[in-house]
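Input: a single structure, listed below in structure tokens.
FYI, side chains are in, hydrogens and waters are out, and symmetry mates aren't considered; it's all heavy atoms of this structure.
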Amino acid sequence: MLRLFKKILTTGIVTENIKPVSRTEQGREDELERMGVEVKRLIDRKFAGSIAIRQVDAGSCNGCELEIHALNNPYYDIERFGIHFVASPRHADVLLVTGPVSRHMQAALLRTYQATPDPKWVVAVGDCAACGGEFGESYACCGAVSNVIPVDAVISGCPPTPLALMKGVLGMIKR
Amino acid sequence: MNDMNWTLSFERLLAAADVTVETLPPPSNNILLWQFSASDWQKLAEQARSYGLRWSAGWAIQEDNVFWVHALFEKQGIYLLTRSIIDYAKPELPSQSTVYPAANRSERHTQDMFGIKFTDHPDNRPWTRHKAWDRHDYPLRKDFAVQGRPEVITPPDTEYAFVKSYGAGTYEIPVGPVHAGIIEPGHFRFQAVGELILNLEERLGYVHKGVEKIAEGRNPEALARLAGRVSGDTTVGHCWAACMAMERAAKVDIPPRAALIRGILAERERIANHLGDIGAICNDVAFVFGQMQFTRLRENWLRTQAGIFGHRLLMDCVIPGGVKSDISAADCDAVKHDISRLRKELSDIITALDLNSSLEDRLYTAGYLSEDMAAAYGTVGYVGRASGQDFDVRRDAAYAPYDRVTVKVAMETQGDIASRLWIRYKEIMVSMKLIERFLGLLEPGDIVANWQVPEAGSLGLGIIDGWRGEIVSFVRFGADNLIDRFYPRDPSQLNWPALEKLVLNNIVPDFPVCNKSLNGSYSGNDL
């Protein structure tokens, strides 16, 4: 047990700060800081402090899921901006949908969308969700998420990096 | 390692059992191709089983008015590809899954995609097909257009006949396809009494994206891109296997430096995924310390990858004939530095994990998969190796660059979740050593070989050990350098059925951690 506490203490806090702006870390770290502050401000104003996201894999290869997972690691720790992932669409403000919607998931995606209370936003994550990507439209895939449900924002990338995901969510909130 | 002798004695055994073998020119180096008449197909399986061959993969292709049905076997690192030719007008073949349970879902996939009927199959329900195409349409037949004839809204498949339980006090829990976490979609049907799982049935196929169909007509580069997206977490593995298959079909030898870089990429992918998995197993038993530490280590690892290889998950780094980009001396130093940092971190964290009694309480004896069961389903990778299945393509059927190093295969025999956690840790340690060896072997040279257009009809098999285990990739070229048939067999296909067995006698709340310890790919399974 002592080892465990020692490791926690020596690891310290790796979460990349949102304030004050650090002088040593350049580039994407700075970007995350600036963005984080902006996201937090908007969420506080528009969503009374927090937004709930339900992630729906509608045919993805799992690449996008890995990067969405990374948003919860201690570096990005997206919850501190008031963004958290929920287990049911009924608790969600936002649906984060990945994949070239496979036809076998089409009905499930529609039902998930219907189960999400209004007002709701849909973010299509990844190139496949944006336009069908490498898979396109076929007997097995409906292609872009917008072919199945209304989409409010698109985050492209194969897969989008955690930073791109943050930017995309910010873009959606700004609208 | 034995020489090719077992194939000779196996051939004699078949002759004694009145099974006629027609030996064909091998599709790839070191892989034999034998042809059997349809009536002998099941007898072949029986003999193979009694001779201790492992069933590895099965697929079909259409050639004009016939189907070629393939089954791939392995013993002692030597692969044997078998084939039977059946008529388009009467596509029937005796099932091998009566003998090999591992062939069960594969044959159902072939049945859904080609309309080939496997007689005496113990379970002839559809597998890959839900409702996206009609039951009398078969997407992989040549006359099926890639666009199909889909309805505006594909209805959910409500007709699938799940196993039912009867009796007082038993109840059913349907889970999915949309799960509670950030995870791929699939359906699980539990029968439970109290908290105890009596039976679990998996229903996958929700992320079927038509990978095999849309591969047809692609050029090698485009196929490599698609293969890299069969399963996003195994992008290096699948891309390498597909490229190896194409290179063998085209008789292209990749430069030694490219092989070493591929080795580094594949081992980095293994480490990245194992780090994520150990963290996720800790998370599923609410041990947040472990999850936070391991996701932190994974993020460090991915950031180095983005810096050196230009992509966090290493997508599209492997290309036909070699690799996309070279690594500089500074990159090699960064990789070495990364490894020494990870070793130091792991020595702290693993000790903390090992000494934690709450973790011990949840992981030991839970999700037990016996050696017999693991062997019966032909499980591979960490799932097989945690249950005593001592097989690793890197060691037993070594390919470049693994033929230049000694691969120590991590083993566990307890078969529980703890075994599957510790084997990941051991594999990380082995992979770090391998990367260091590969870096030491790097010499200046080309990183891509010149491509040669293969003859129409050239076959290639790529078999490598991805982070989940043995990946088999089959490629057949048509005219003009274009792909006629591509079939990737993800290791998950062999491991998924084991989940139905290892959850038995566990409680329903332990299902997530059981599932995570196996971590099958839905996308790689559904294709």
Find the one option among [options] whose heavy-atom pairs under 4.5 Å with chain B are most numerous.
options	value
A:C128, A:G133, A:P162, A:P100	A:P162
A:S138, A:G63, A:P89	A:S138
A:G99, A:S102, A:S88	A:S102

With a 4.5 angstrom heavy-atom cut-off, could you sort out which part of [X] is near chain B: side chain, backbone, both or neither?
X	value
A:V148	neither
A:N72	both
A:L2	neither
A:P159	both
A:T112	side chain

Taking all atoms of both residues into account, what is the closest heavy-atom pair of [X] and [Y], and its distance?
X	Y	result
B:M315	A:C61	CE-SG, 4.2 Å
A:A107	B:P155	CB-C, 4.5 Å
B:E151	A:R103	O-NH1, 4.2 Å
A:Q55	B:I182	OE1-CG2, 3.6 Å
A:A108	B:P177	CB-CG, 3.9 Å

[X], part contacting chain A, at a heavy-atom distance under 4.5 Å:
X	answer
B:L313	side chain
B:T128	backbone
B:N356	side chain
B:V211	side chain
B:Y522	neither
B:R149	neither

Rounded to the nearest 0.5 Å, how far apart are [atom1] of [X] and [atom2] of [Y]?
X	Y	atom1	atom2	value
A:I8	B:M292	CD1	CE	11.0 Å
B:I350	A:R3	CD1	CZ	12.5 Å
A:T10	B:D348	OG1	CG	6.0 Å
A:T11	B:I349	OG1	CD1	6.5 Å
B:T351	A:K6	OG1	NZ	9.0 Å
A:L4	B:L359	CG	CG	10.0 Å

Might you work through the side-chain contact (heavy atoms from CB on, under 4.5 Å) test for A:Y139 and B:K213, ending with a clear yes or no? CA-CA 9 Å; A:Y139 78 94; B:K213 188 74 178 179; 3.7 Å; yes
Say whether, by atom type as modelled, one donor and one acceptor occur between the side chain of [X] and the main chain of [Y] under 3.5 angstrom.
X	Y	result
A:Q106	B:T154	yes
B:H311	A:C158	yes
A:E134	B:R229	no

Check the pair B:I214, A:F135 against side-chain contact (heavy atoms from CB on, under 4.5 Å), reporting the backbone distance first and the verdict last. CA-CA 7 Å; B:I214 60 173; A:F135 301 96; 3.7 Å; yes
Other residues, nucleotides and ligands only: do more than 12 of their heavy atoms fall within 6.0 Å of CZ on A:R90?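 12 or below, so no.
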With a 6.0 Å cut-off (strictly less than), is the heavy-atom count around CZ of A:R111, excluding the residue itself, greater than 12?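 No.
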Given side chains that start at C-beta, do those of A:T161 and B:R312 come closer than 4.5 Å, heavy atoms only?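 Yes, their side chains come closer than 4.5 Å.
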With a 4.0 Å cut-off on N to O distance, would you call A:K7 and B:E345 a salt bridge?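 Judged by the 4.0 Å cut-off on N to carboxylate O distance, A:K7 and B:E345 do form a salt bridge.
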What are the residues of residues 278-291 of chain B, in order of number, with any heavy atom under 4.5 angstrom from a heavy atom of chain A?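 Under the 4.5 Å heavy-atom cut-off, B:F287, B:F289 qualify.
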Report, by ascending residue number, the residues of residues 203-210 of chain B in heavy-atom contact with chain A at a distance under 4.5 Å; give 'none' if the set is empty.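 Near chain A, by residue number: B:G205, B:Y206, B:V207, B:H208, B:K209, B:G210.
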Report the C-alpha distance between B:I183 and A:D57 in whole Å, list the side-chain angles of each, state the deciding distance to 0.1 Å, and finish with yes or no for side-chain contact (heavy atoms from CB on, under 4.5 Å). CA-CA 7 Å; B:I183 177 175; A:D57 176 338; over 6 Å; no
Residue pair A:R54, B:V178: steps toward the side-chain contact (heavy atoms from CB on, under 4.5 Å) verdict: CA-CA 10 Å; A:R54 169 71 248 208; B:V178 178; 4.1 Å; yes
Name the option with the most non-hydrogen atom pairs under 4.5 Å to chain A; the candidates are B:H179, B:R129, B:R296.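 Heavy-atom pair counts peak at B:R296.
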If you measure only the distance, is there a donor-acceptor pair under 3.5 Å linking the side chains of B:N300 and A:Y75?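 Yes, side-chain donor-acceptor contact under 3.5 Å.
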